[in-house]
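One structure below.
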Amino acid sequence: MIETNLQEIRSRIEKAARRAGRSPEDITLIAVSKFQDQGRVEEAIAAGVRDFGENRVQEAQAKWPRLLERHPDITLHGLGALQSNKVADAVNLFHTIHSLDRPKIAAALAREMQAQGVRRPCFIQVNTGEEPQKAGILPADAPDFIRHCRDGLNLPVAGLMCVPPVEANAALHFAFLADLAKKQGLEKLSMGMTADFETAIEMGATHVRVGTALFGARKAL
Ligand SMILES: *Cc1c(COP(=O)(O)O)cnc(C)c1O
């Protein structure tokens with residue numbers, strides 16, 4: 001089941017890439033395994049998935065350390081909003097962080113990477129829909145924040161990430177994020193989920209985060 005879904009998603013990624021004149025190899029599929037138990041994660045690993053995404057540090061800590069020991073070629077991506085008191089654990093566990101979204105977290109990430117002697121590529125999350133309840137730096141504050149993270153704190157900023165509002169035309173948000181990244185000289189774009197990853201690829205996504213299409217529906221938050 002997961003293997004069939006994976007083949008289907010890969011084929012859709014490839015077609016979307018070709019439509020956009022891009023190479024499918026330039027797009028990383030992140031399997032979002034939040035709320036999926038160890039058995040389903042192992043099924044995905046057996047099917048060949050090597051990039052996984054988790055939202056919560058605590059859930060990831062319960063699930064991943066043993067799996068990572070057995071599969072050292074896996075890249076684990078942290079996707080969820082970070083609390084300051086979870087940053088040390090996040091830096092320890094996640095290879096890449098997609099939810100850098102405010103100065104306090106930026107400072108904590110810089111401090112922890114230094115303390116642990118690691119560099120974790122970070123995506124700066126932009127709240128492109130300016131939704132009050134959603135994580136992410138506001139678009140107007142993004143250029144200064146990006147500069148602060150890169151030049152002030154020397155963080156390894158890889159690119160930008162967004163989660164468009166549910167009802168929105170996602171393409172507009174993806175285009176905005178791509179344009180902002182280009183202006184800032186950032187190469188990577190973490191955008192696109194089950195509902196819109198093909199659109200995201202056509203707008204330049206380098207990392208798509210797909211849960212439901214791969215694993216099926218998960219329990220609600
Ligand atoms: C849950 C989640 C996803 C995956 O969503 P699906 O619609 O199930 O593909 C992607 N990104 C983030 C940040 C998420 O929280």
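Atom set for the values below is all heavy atoms of this structure, side chains included, hydrogens, waters and symmetry mates excluded. Counting from 1, the numbers follow the sequence of the chain as shown. In each ligand, atom 1 is the first atom listed, and ligand 1 is the first ligand listed.
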- In ligand 1, which numbered atoms sit nearer than 4.0 Å to a non-hydrogen atom of Arg218? 1 (C), 5 (O), 6 (P), 8 (O)
- Message: Within the 4.0 Å heavy-atom shell around Val210, which atoms of ligand 1 are there?
- Response: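 Here the atoms of ligand 1 in question are 9 (O).
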- Message: Can you tell me which portion of His98 lies within the under-4.0 Å heavy-atom range of ligand 1? Options are side chain, backbone, both, or neither.
- Response: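 Contact part for His98 vs ligand 1: neither.
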- Thr194 and ligand 1 - part of the residue with a heavy-atom distance under 4.0 Å: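 Within the 4.0 Å criterion, Thr194 contacts ligand 1 through backbone and side-chain atoms alike.
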- Message: Strictly below 4.0 Å, N to O, side chains only: are Arg56 and Glu59 in salt-bridge contact?
- Response: no
- Item | Arg10/Glu14 salt bridge by N-O under 4.0 Å criterion | no
Any idea which protein heavy atom is nearest [atom], and the distance to it?
atom: atom 8 (O) of ligand 1; value: Thr212 OG1, 2.6 Å
atom: atom 2 (C) of ligand 1; value: Lys34 NZ, 2.6 Å
atom: atom 12 (C) of ligand 1; value: Arg209 NE, 3.8 Å

- Task: Measure across Cys122 and Leu100 and return the closest heavy-atom pair with its distance rounded to 0.1 Å.
- Result: CB-CD2, 3.9 Å
- What about Gly211: any of its N or O atoms under 3.5 Å from an N or O on ligand 1? yes
- Item | Rounded distance (nearest 0.5 Å) linking atom CE of Met161 with atom CG of Leu79 |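 Rounded to the nearest 0.5 Å, the CE-CG separation comes to 6.0 Å.
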- Are the aromatic ring centres of Phe123 and His77 under 6.0 angstrom apart? no
- Item | Gln58, Glu54, Lys34 screened by side-chain contact (heavy atoms from CB on, under 4.5 Å) with Lys63, the one that passes | Glu54
